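In the text below, chain A, chain B and the rest are named by the order of the sequence lines, each starting its count at 1. For clarity, every value in this text was computed on a predicted model and none was experimentally measured.
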Amino acid sequence: MPELPEVETVRRQLEPALVGRRFERVEILDPRLVRPLEPLEVAAELEGERVVAVERRGKYLIVRFESGRVLLIHLRMTGSLRHVRDGLQEDPHRRAVVRLDDGSDVTYRDVRRFGTWVVVEPSDVGPYLDARLGAEPLERSFSTARLAERLAGRRAPIKAALLDQRTLAGMGNIYADEALWRAKIHPLTPAAALDEGGVQRLTRAIKEALRAGIARQGATLRDYARPDGGSGSMQHEFKVYGRDGEPCDRCGTPIAKTRVAGRGTWFCPVCQGSAPQAASSSSNRPSRSRRHSSV
DNA sequence: CTTTTTCCCTGGACGC
DNA sequence: TGCGTCCAGGGAAAAA
């Protein structure tokens with residue numbers, strides 16, 4: 001499942017292949033990819049456009065054209081992009097093909113068809129992304145203070161808050177678990193219950209986990225692949241994700257699995273604290289089931 | 001406002 | 001071998 005490190009890897013490989021190239025022919029093979037618009041309509045909009053930049057925001061790939069228009073690609077669960085120079089091979093899961101003006105092709109494959117391609121006019125790009133995404137975790141604007149601000153007052157589990165793209169952009173189920181392990185925070189800890197030290201550790205852990213993922217060109221579990229067809233290797237570095245029963249790298253305790261926010265969640269029951277309430281919040285009064293005082 | 005649940009979608013794993 | 005069932009999960013939308 002492509003998260004920030006995977007999308008960034010895709011971006012880095014596609015950038016040199018796409019910048020300066022013109023979209024000569026565009027085929028949308030699955031109408032669902034561009035819904036509610038018609039495939040032919042979207043293809044017509046894209047044909048003739050010349051790429052000036054390939055950027056990333058959260059898990060969105062941003063293809064910028066000379067005209068100012070933008071193609072936003074989201075891979076969701078199983079989407080993957082490939083750049084090939086030697087013609088196309090059979091692939092029942094191919095959902096789109098772009099022929100570039102140098103004769104090479106960019107193909108889009110997506111088994112489960114959750115991915116989306118959206119063409120956005122220049123003035124709509126900022127609002128579209130800002131409405132959905134919080135800070136970029138690897139940019140300077142992302143700080144302990146910024147994260148603390150986004151977690152304040154939230155009673156949802158910290159894991160759920162990390163999966164919310166408006167808290168910060170780009171975390172998915174894998175790197176959320178990995179970051180929480182690095183920060184030694186239990187995934188069920190209420191977000192607002194983290195003290196300053198906890199938020200600080202988490203901020204650092206998020207950056208470290210994502211950078212580790214980028215350094216290894218992402219994690220290939222099933223469907224994710226780089227545009228050159230190769231695999232990432234981050235899956236070999238997982239500390240908790242998918243490792244229930246295996247010993248924790250820090251303390252040897254078997255990794256536990258539970259479910260948070262409807263997602264499989266792995267953690268070390270010792271390193272990350274066995275009870276969420278145990279997340280010490282010294283300054284918080286021990287209010288019971290205190291509801292909003294009526295009138 | 002926040003939080004939770006449902007839905008989309010397919011293929012792989014597993015039980016019988 | 002061939003079913004039926006469950007699971008994987010990002011994010012939009014609906015429900016609570």
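Considering E136(A), E139(A), E3(A) as possible partners of R56(A), the one that fulfils the salt bridge (Lys or Arg N to Asp or Glu O under 4.0 Å) test is E136(A).
Across all strands shown, G264(A) has heavy atoms under 4.0 Å from sugar-phosphate atoms exclusively, and none from any base. Counting non-hydrogen atoms under 4.0 angstrom, M1(A) reaches the backbone sugars and phosphates but no base.
Here H74(A) reaches the OP1 or OP2 of dG11(C): one of its side-chain N or O atoms lies under 4.0 Å away. Checking the phosphate oxygens (OP1, OP2) of dT3(B), no side-chain nitrogen or oxygen of K159(A) falls inside 4.0 Å.
Looking only at atom types and distance, the side chain of D105(A) has no donor-acceptor partner in the side chain of T107(A) under 3.5 Å away.
Applying the salt bridge (Lys or Arg N to Asp or Glu O under 4.0 Å) rule to pairs touching residues 122-131 of chain A yields R57(A)-D130(A), sequence neighbours excluded. Identified under the ring pair (Phe, Tyr, Trp, His ring centres under 6.0 Å) test for residues 110-144 of chain A, with sequence neighbours left out: Y108(A)-W117(A). Sequence neighbours left out, the pairs with a member in residues 22-63 of chain A that pass ring pair (Phe, Tyr, Trp, His ring centres under 6.0 Å) are F23(A)-F65(A), Y60(A)-H74(A).
Put simply, CG on D164(A) is 12 Å from P on dG10(C), counting in whole angstrom units.
Through direct or indirect side-chain contacts shorter than 4.5 Å among Ile, Leu, Val, Met, Phe, Trp and Tyr, V97(A) is connected to L29(A), V84(A), L88(A).
Between its two ends, the helix from dT2(B)-dA16(C) to dC16(B)-dG2(C) turns its axis by 50°, counting five pairs per end and rounding to 10 degrees.
In this view, R204(A) satisfies the salt bridge (charged side-chain N to carboxylate O under 4.0 Å, His left out) rule with no residue, not counting sequence neighbours. Legend: residues meeting side-chain hydrogen bond (donor to acceptor under 3.5 Å, both in side chains) with R154(A), ordered by chain and number and at least two apart, are D164(A), T167(A). Annotation: side-chain contact (heavy atoms from CB on, under 4.5 Å) contacts of R259(A) (sequence neighbours excluded): none. For R69(A), the side-chain hydrogen bond (donor to acceptor under 3.5 Å, both in side chains) partners two or more places apart in sequence, or in a different chain, are E49(A), E121(A).
Using a 4.0 Å cut-off between charged nitrogen and carboxylate oxygen, D30(A) and R32(A) do not count as a salt-bridge pair.
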Could you list all N or O pairs between the protein and nucleotides 12-16 of chain C that sit under 3.5 Å apart?
{"unit_1": "dA12(C)", "atom_1": "OP1", "unit_2": "R132(A)", "atom_2": "NE", "d": "3.2"}

Task: Heavy-atom protein contacts under 4.0 Å, nucleotides 7-12 of chain B, coded B base, S sugar-phosphate only, - none - done: -BBBS-
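Near DNA chain C, meaning a heavy atom under 4.0 Å away, the residues from residues 165-179 of chain A are Q165(A), N173(A).
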